Amino acid sequence: MNEELIKNDANVKEEMHITYYFTVIFTVIGTLLLLYFLSNKVEKLSLFIIFLSISAGGLPIGVIGAFIDYKISEYKLKLGKTV
């Protein structure tokens, strides 16, 4: 019984393909927003400012996009099984 449950869980994971479109879009938007705000505060852009905008703006907002991607993939999987 336990082996069947493990095989069933593995099949479900193989069927679910997550696309990361929203993750990329949200990461870019977060990076650009923070880069815009930082460019108004500093005189010139440097490599540190770019890394700061990616790590402080892009990555946290990209996690929201990843969550949206996961929920959409989960919904598609449920929709495909019920139809």
Side-chain angles (χ1 to χ4, degrees):
M1 179 70 177
N2 194 13
E3 291 176 9
E4 292 175 12
L5 200 60
I6 291 171
K7 288 180 182 178
N8 189 19
D9 188 36
N11 287 339
V12 168
K13 287 182 181 178
E14 288 177 3
E15 292 175 8
M16 185 168 40
H17 300 287
I18 300 175
T19 57
Y20 294 101
Y21 300 126
F22 284 102
T23 305
V24 171
I25 291 170
F26 277 52
T27 303
V28 168
I29 289 172
T31 302
L32 291 176
L33 281 175
L34 194 61
L35 192 59
Y36 173 74
F37 290 129
L38 287 175
S39 67
N40 289 334
K41 299 293 181 187
V42 296
E43 293 178 7
K44 64 177 186 171
L45 291 177
S46 65
L47 190 60
F48 173 72
I49 298 297
I50 294 171
F51 284 139
L52 185 65
S53 64
I54 291 171
S55 62
L59 295 179
I61 295 177
V63 170
I64 297 169
F67 180 73
I68 293 171
D69 286 326
Y70 174 75
K71 288 298 181 179
I72 289 173
S73 297
E74 191 176 61
Y75 175 74
K76 286 180 182 178
L77 182 67
K78 286 181 183 178
L79 186 65
K81 288 200 173 218
T82 58
V83 172

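Quick caveat: nothing in here was measured; it's all calculated off a predicted structure. Computed from heavy atoms alone, side chains included, the values below leave out hydrogens, waters and symmetry copies.
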Undergrad: With rounding to the nearest 0.5 angstrom, report the CG to CD1 distance, L32 to I54.
TA: 9.5 Å
Undergrad: May I have all residue pairs that pass salt bridge (Lys or Arg N to Asp or Glu O under 4.0 Å) and include part of residues 49-62, sequence neighbours excluded?
TA: none
Undergrad: How would you list, by chain and number, every residue that makes a side chain to side chain donor-acceptor pair (under 3.5 Å) with T23, sequence neighbours excluded?
TA: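 With sequence neighbours excluded, T23 shows a side chain to side chain donor-acceptor pair (under 3.5 Å) to D69, given in chain and number order.
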Undergrad: With sequence neighbours left out, write down each residue that passes side chain to side chain contact (heavy atoms under 4.5 Å, CB included) with L34, or none if nothing qualifies.
TA: L38, S53, A56
Undergrad: Roughly how far apart are I72 CD1 and F67 CZ, rounded to 0.5 Å?
TA: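 If we round to the nearest 0.5 Å, I72:CD1 and F67:CZ are 11.0 Å apart.
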Undergrad: By side chain to side chain contact (heavy atoms under 4.5 Å, CB included), which residues pair with F48, not counting sequence neighbours?
TA: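 Expected list: S46, L52.
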Undergrad: Quick one: list whatever passes side chain to side chain contact (heavy atoms under 4.5 Å, CB included) with I29, sequence neighbours left out.
TA: I25, L33
Undergrad: Kindly work out whether a path of hydrophobic side-chain contacts (I/L/V/M/F/W/Y, heavy atoms less than 4.5 Å apart) joins Y20 to Y70.
TA: yes
Undergrad: List, one per line, each side-chain donor-acceptor pair under 3.5 Å for residues 57-65, sequence neighbours excluded.
TA:
none

